[in-house]
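Please read these numbers as outputs of a predicted model, since none were measured by experiment. Proteins come first, then strands; the chains are lettered A, B, ... in the order of their sequence lines, and each starts at number 1.
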Amino acid sequence: MSKRTRSNPLGIKLDRRAFLKGAALGLAGTALPLNKADASFWEAFFQKHFREMNETEIKKVIERLEKEYGQKYKKEIEVGNEKAIPGVLFGYGLDLSRCIGCRRCVYACVKENNQSRDPQIHWISVLRFKKGEKWIDLENSERYYNPAQVPEPGYFYMPVQCQQCENPPCVRACPTQATWKEPDGIVVIDYNWCIGCRYCMAACPYGARHFNWAEPNVPQEELNPETHYLGNRPRYRGTVEKCTFCIQRTRNGKYPACVEICPVGARKFGNLLDPNSEIRYAIEHKRVFRLKEDLNTYPKFYYFFAYGL
Amino acid sequence: MAHIVRIVKNFFIALRQVTIGNKKYYCWLAFLSFFILMGVSAYIDQLNRGLITTAMRDQVSWGLYISNFTFLVGVAAAAVLLIIPAYLYNFKPIKEIALFGEMLAITAITMCILFIMVDLGQPTRVWHILPAIGAMNFPASLLAWDVLVLNGYLAINLIIVFYVLYRLSLGKEYKMSVVWPLIILSIPMAVSIHTVTAFLYNGLSARPFWNASILAPRFLASAFCSGPALMLILFQIIRKLSEVEIENRAIFKIAELIAYAMGINLFLLGAEVFKEFYSGSIHSEPIKYLYFGLHGKAKFVPWMWTATLFNITAFLLFLFPKTRENFVTLNIGCALIIMGIYVEKGMGLIIPGFVPDTLGEIYEYTPTMSEIIITMGVWAAGAMLYTLLLKFAVPVYTGRLRFELKKEKSEIRSEDVTAGSEV
């Protein structure tokens, strides 16, 4: 047989991968409930991996999402797609000698990033430790402390959130490449590609990944309409989500919401590649450590003690 | 072409075979269907409301489903314990029944896949994990490896079983030249499905309880106890309810192999316990939680001690030829092993990986009714699959079902055919 037999009258070239994809999806499609067969369901079903889409495809997907979210929340929602800025590697600093355990960061984060209110999802956990006790193993911490006033005498606090590891175990674990590290160091998730196996949660040493066990519920009036595809856009039931250093803010030159709200200035943020950034100042001048350094995850989240010997 | 038509026709003859049985057979199928339907309805509820219907939470993100998956991977891998003596050492009594072991492997892998499916938050997106059409994270993700080896092992067993049955149904001997390479391949595959599943947990430095190099050997040792123990019980049922002859010698030989495997399993457990408790580092928290409780939380303690006691008792029962070759004590031993390993390998392995969690919190996980019903549904589906496989395989195996001879076909349909009906 000559090679010409492979051409077809329409002259459409079909590579093996596209063919297999179509065939398998077609077969899979027949097994799905037909009453959901509105166009957007199928478009969502066939949506490609975010990193495999070209600009036009991304634009189309974002338009569809904005329409869907608009219908659901009855207000205009913008889904951004700002790329990482070249020459920027985000780093975060947290001054443990200042943190008073007020958890304003937790709730600012919930508000900014449209986390589900019921059931509650918090991207930041603030751990409380007794002073003088063995603390670095986190074993003796309390997550659900409830004092009348903070700070409480005899205690200190350590907020933990995604450490944006340089060598993230969650990315290695994910079987579908639904989570990855962006060039500016932020570990993101494509909520439309995650299958909800939760292997990344087993792999994360910092408890930073959170699963939508039920339909996420954000009141319409509280929904933050300024979103990013890889960040705070409304999420789905059955997928994993996490802190993205407020990708929708920081890629536009703003501070993360938790940095902005912190009443005692315990939180610092900046570009690790810029020698004049405040995060570089903290790393160079303070006594800095990173959480669970022995695991070789190389977090870009630096804890430090600014004062006191 | 005519050949293909004949194969299709034969397939339907075979299919009809599974619908014919006596009253007991239908009752058994109805009994299983009840649990399957219960499971399906609970699963539909889970689909509608999300995994909130389970007791899993961010602290313990895997639970009963993945525990069962892990246990069943072991059952599937255990078919190899029949294959090795049967084909490598040419031990005749086992060779004749290896087929039923392979069918159990097919069933167990199917159940594993079902357990993974019910555990997914977004089951309709499962194609994302497949190579070529999805974006399989190979070789980085151990879950991707697991998908490959589990499906590979399933395929090998399906090919062997259906090739052998096909040849037998035509009244011909199967060709060793076809089966032999597959058998040889299935041995490392069986080891690898279990090793890869162990590595799935083992590779996570975030979870010190799993991050021990002894984990994969422990997995294999416990698999070679639980799978064969399940088989011994099934073999006794098969030979009671059908004309398949299974020699006592085969059963006792398998029991002897279980004794070795359990001995190794207990030794490895001892090695783990020594390392954790003698060194007394922070990494021993999960095992402390399991066997003694932690910060006053001790839900698993009675379970773990019972499981350990079961395993030791079963080991002693299988160690001595006198109790091993007595069917009362043999069956008691099998039941103890199945329960003991189910607890040890299921919640005794998956849950403590998450307790205390990576930030030191202790969340005590107890499966919800919904989780239990779905789990029972999957088990019922597995029992149904194995029953139907047997219903077809047994008459072929014993020579009662032959595709060519029309006369015999009508004989099969008479009511005396109950072969392999109750399992």
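Contacts of A:Tyr206 with chain B are made by backbone atoms alone, with heavy-atom separations under 4.5 Å and no side-chain atom involved. Interface remark: B:Trp145 contributes no atoms to any contact with chain A (heavy atom separation under 4.5 Å). With a 4.5 angstrom heavy-atom cutoff, A:His210 touches chain B via backbone and side-chain atoms both. Neither the backbone nor the side chain of A:Val240 comes within contact range of chain B, judged by heavy atoms closer than 4.5 Å. Using a 4.5 Å cut-off between heavy atoms, B:Leu200 touches chain A through backbone and side chain atoms alike. Heavy-atom distances place the side chain of A:Ser125, and not its backbone, under 4.5 Å from chain B. If you measure heavy-atom distances from A:Arg209 to chain B, the contacts under 4.5 Å come from the backbone alone. Only the backbone of B:Arg49 comes within contact range of chain A, judged by heavy atoms closer than 4.5 Å.
The backbone N or O of A:Cys197 sits less than 3.5 Å from a side-chain atom of B:Trp62, completing a donor-acceptor pair. With hydrogens and angles ignored, the 3.5 Å screen pairs no side-chain donor or acceptor of B:Asn137 with any backbone N or O of A:Ala178.
For chain B, the option among A:Ala203, A:Ala202, A:Pro119 with the highest count of heavy-atom pairs below 4.5 Å is A:Ala202. With chain B as partner, the option from A:Ala208, A:Ala173, A:Gly207 having the largest number of non-hydrogen pairs under 4.5 angstrom is A:Ala173. Ranked by non-hydrogen atom pairs under 4.5 Å with chain B, the options A:Leu127, A:Asn192, A:Asn140, A:Leu291 are led by A:Asn192. Top candidate by heavy-atom pairs under 4.5 Å with chain B, chosen from A:Glu215, A:Lys292, A:Glu142, is A:Lys292.
Judged as a salt bridge (charged side-chain N to carboxylate O under 4.0 Å, His left out), not a single pair has a partner in residues 290-300 of chain B (not counting sequence neighbours). Applying the salt bridge (charged side-chain N to carboxylate O under 4.0 Å, His left out) test to pairs two or more places apart or on separate chains, those with a residue in residues 358-369 of chain B are A:Arg143-B:Glu361.
Separation of atoms SG (A:Cys170) and CG (B:Leu204) is listed at 11.0 Å; rounding is to 0.5 Å. Here the SG atom belonging to A:Cys194 is positioned 7.0 Å from the CZ atom belonging to B:Arg125, to the nearest 0.5 angstrom.
Applying a 4.5 Å heavy-atom cutoff, the residues of residues 115-122 of chain B that approach chain A are B:Asp119, B:Leu120, B:Gly121, B:Gln122. Residues of residues 346-358 of chain B that come closer than 4.5 Å to chain A, counting heavy atoms only, are B:Phe354, B:Pro356, B:Asp357, B:Thr358, ordered by residue number.
Using cut-offs of 30° and 60° on the angle between ring planes, the pair B:Trp127 and A:Trp193 is perpendicular.
Contact annotation: the side chain of B:Ser141 approaches that of A:Tyr199 to within less than 4.5 Å [non-hydrogen atoms, C-beta and beyond].
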